[in-house]
Number of protein chains: 2
Amino acid sequence: MTTAKPATRIQKRNRETIREAALDVFSQHGFRGATLDQIAQTAGLSKPNLLYYFPSKEAIHVELLAHLMTDWLEPLRALDPAGDPVEEILAYVLRKLDMSREMPRESRLFANEIVQGAPRIMEMITADLRPLVDEKAAVIADWSAAGKIAPVDPYHLIFSIWSTTQHYADFDIQVRGVLNVQGGAHFDDARTFLTHLYTSALTPQRQEVVNH
Amino acid sequence: MTTAKPATRIQKRNRETIREAALDVFSQHGFRGATLDQIAQTAGLSKPNLLYYFPSKEAIHVELLAHLMTDWLEPLRALDPAGDPVEEILAYVLRKLDMSREMPRESRLFANEIVQGAPRIMEMITADLRPLVDEKAAVIADWSAAGKIAPVDPYHLIFSIWSTTQHYADFDIQVRGVLNVQGGAHFDDARTFLTHLYTSALTPQRQEVVNH
DNA sequence: GTAGTTATTGATCGTCCGGTCAAATCCATG
DNA sequence: CATGGATTTGACCGGACGATCAATAACTAC
């Protein structure tokens, strides 16, 4: 085609600045609650200048969601069918928990969108998320059938992992309100708890005969 | 004071109609995303008529949140220190799951608010929620110490119960997108899974000596 | 039925917000 | 340092939205 985008040095810098600011604002207020003025001010640019780099408010939002979906699915993608079942799932849990601590804005961006019916990313869910979950759920189902982990519904297991880990990002304000803490110290306790929760739920009953 | 509120028959009916409509709209679009016109249309009233019964958009929202907080805490309040520990906690889990199926709008209303930093209900969290959680966490901690349930962090146990159950209401659209289902049949699978999850996590290791 | 209160609404106000545009400024290249 | 494209911005537009108000309609009590 006739597409030709040299992509200036200034363009790269400003588009990234805008993405960063938009992530801040969108994750905090949701799509409708965020304003271009807020994003512009956070980015240190003027409002018309935002719209010089992105065609619309929605375009910024969609780009953010699309760009982040990849990172978001990476931990599940990394679940290795050849690895030790309990270890693999536990590694997935803890990786997700780490992401809640390190990328709470991204988590909240998705949470905002999905709670409100995912009007702008439903397509991504069925096109990208579902196939991946199907694939990994099959792996987990195989592990269950082989007696390598306790028999569990793999889909609901995955749902529970998403919810328990993302809770610390999405409901951060509530967690802090209840625990009355400021920093991130409670993530260690969460780690310990979730390790216990999933270890006991997944470890097969007849542990003594596993290695025979 | 000089407060005197006879509360007309029409007032009762219309205020309730408005609350119902507002719950619909706020839970679906969040506070900022909802408009008075939407609420008015859903309620079958004119916009000025809404504002005859409530002083402002925010007043409707706040009243909803305050009114629902009580219902929301009831299941945890019902956790009986004198009951069988595992049964009590499991009953709490399943009650919360039922509420996600039967009251998804209420769940999403809170989710929307909390994800965005709980600007309008932070006070309720520290004033109502925290004391109750503290009280029940102490009960659970006692059960742990007495060896009646496995040793777990009571706060993070409660967080996990909130997140796993409310997930089916708040992230409903994602759950349906992944499972490719329409009705509510998956709630049975969720029930089975969560029963397994919390039974295995809470049952003490040395089960044989429990009754002696 | 009529007086007085309660309820309803069309019209309108002021503000906010997404988006546009023309003019001005910046900047890389010859 | 001149030229042409890239970048930036002040001013503005049009629609949406929360809220107000005066006027009308409906209802209640006597």
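In the text below, chain A, chain B and the rest are named by the order of the sequence lines, each starting its count at 1.
A straight line from CD1 of I39(A) to P of dG18(C) spans 8 Å, rounded to a whole angstrom. Atoms CG (D37(A)) and P (dG18(C)) sit 7 Å apart, rounded to a whole Å. Taking atom CZ of R15(B) as the reference point, atom P of dA7(C) lies 11 Å away to the nearest angstrom. When the P atom of dT8(C) is taken as reference, atom CD of Q41(B) falls 18 Å away, rounded to whole Å. For the pair I60(B) CD1 and dA19(D) C1', the interatomic distance rounds to 12 Å; values are reported in whole Å. For L50(A) and dG10(D), the CG to P distance is 13 Å, given to the nearest whole Å. In this structure, CG of N49(B) is placed 16 Å from C1' of dA11(C), rounded to the nearest angstrom.
Checking dG10(D), dT20(D), dA19(D) against every side-chain atom of P48(A), the shortest atom distance belongs to dG10(D). In the set dA6(D), dT8(C), dG18(D), dG18(D) carries the atom at the smallest distance from any side-chain atom of K57(B). In this structure, of dT7(D), dA19(D), dT8(C), it is dT7(D) that holds the atom nearest to the side chain of Q11(A). Closest to the side chain of S46(B), out of dT6(C), dT9(C), dA19(D), is dT9(C). Looking at the side chain of I10(A), the nearest of the listed nucleotides dT7(D), dC21(C), dG18(C) is dT7(D).
Using a 4.0 Å heavy-atom distance criterion, R9(B) is classed as a sugar-phosphate-only contact. No contact: F54(B) has no heavy atom under 4.0 Å from any strand. A34(A) comes within 4.0 angstrom of sugar-phosphate atoms only, judged by non-hydrogen atoms across all strands, and of no base. In this structure, L51(A) reaches the bases: a heavy-atom distance under 4.0 Å links it to at least one base atom across the strands shown.
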- Item | Residue pair R191(A), D188(A): steps toward the salt bridge (Lys or Arg N to Asp or Glu O under 4.0 Å) verdict | CA-CA 5 Å; R191(A) 196 180 170 88; D188(A) 287 338; over 6 Å; no
- Query: Would H196(B) and F193(B) count as a ring-ring contact (aromatic ring centres under 6.0 Å, His included) if you check the C-alpha gap in whole Å, the side-chain angles of each, and the deciding distance to 0.1 Å?
  - Reply: CA-CA 5 Å; H196(B) 167 75; F193(B) 172 78; 7.0 Å; no
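Between Y168(B) and H186(B), the ring-plane angle classifies as tilted under the 30° and 60° cut-offs.
Mapping R32(A) and K47(A) onto DNA chain D by nearest heavy atom places K47(A) at the nucleotide closer to the 5' end.
Under the side-chain contact (heavy atoms from CB on, under 4.5 Å) rule, Q174(A) has a single partner from W162(B), F110(B), F159(B), which is W162(B).
Between the side chain of N112(A) and the main chain of S27(A), a donor-acceptor pair closer than 3.5 Å is present. Using a distance-only test at 3.5 Å, with no hydrogens or angles considered, no donor-acceptor pair links the side chain of R32(A) to the main chain of F31(B).
An OP1 or OP2 oxygen of dT7(D) is reached within less than 4.0 angstrom by a side-chain nitrogen or oxygen of T8(A). Of the side-chain N and O atoms in N14(B), one or more sit less than 4.0 angstrom from OP1 or OP2 of dT8(C). Listed pair Y53(B) / dT8(C) meets the phosphate criterion, a side-chain N or O lying under 4.0 Å from OP1 or OP2. Side-chain nitrogen and oxygen atoms of Y52(A) include at least one within less than 4.0 Å of the OP1 or OP2 phosphate oxygen of dT7(D).
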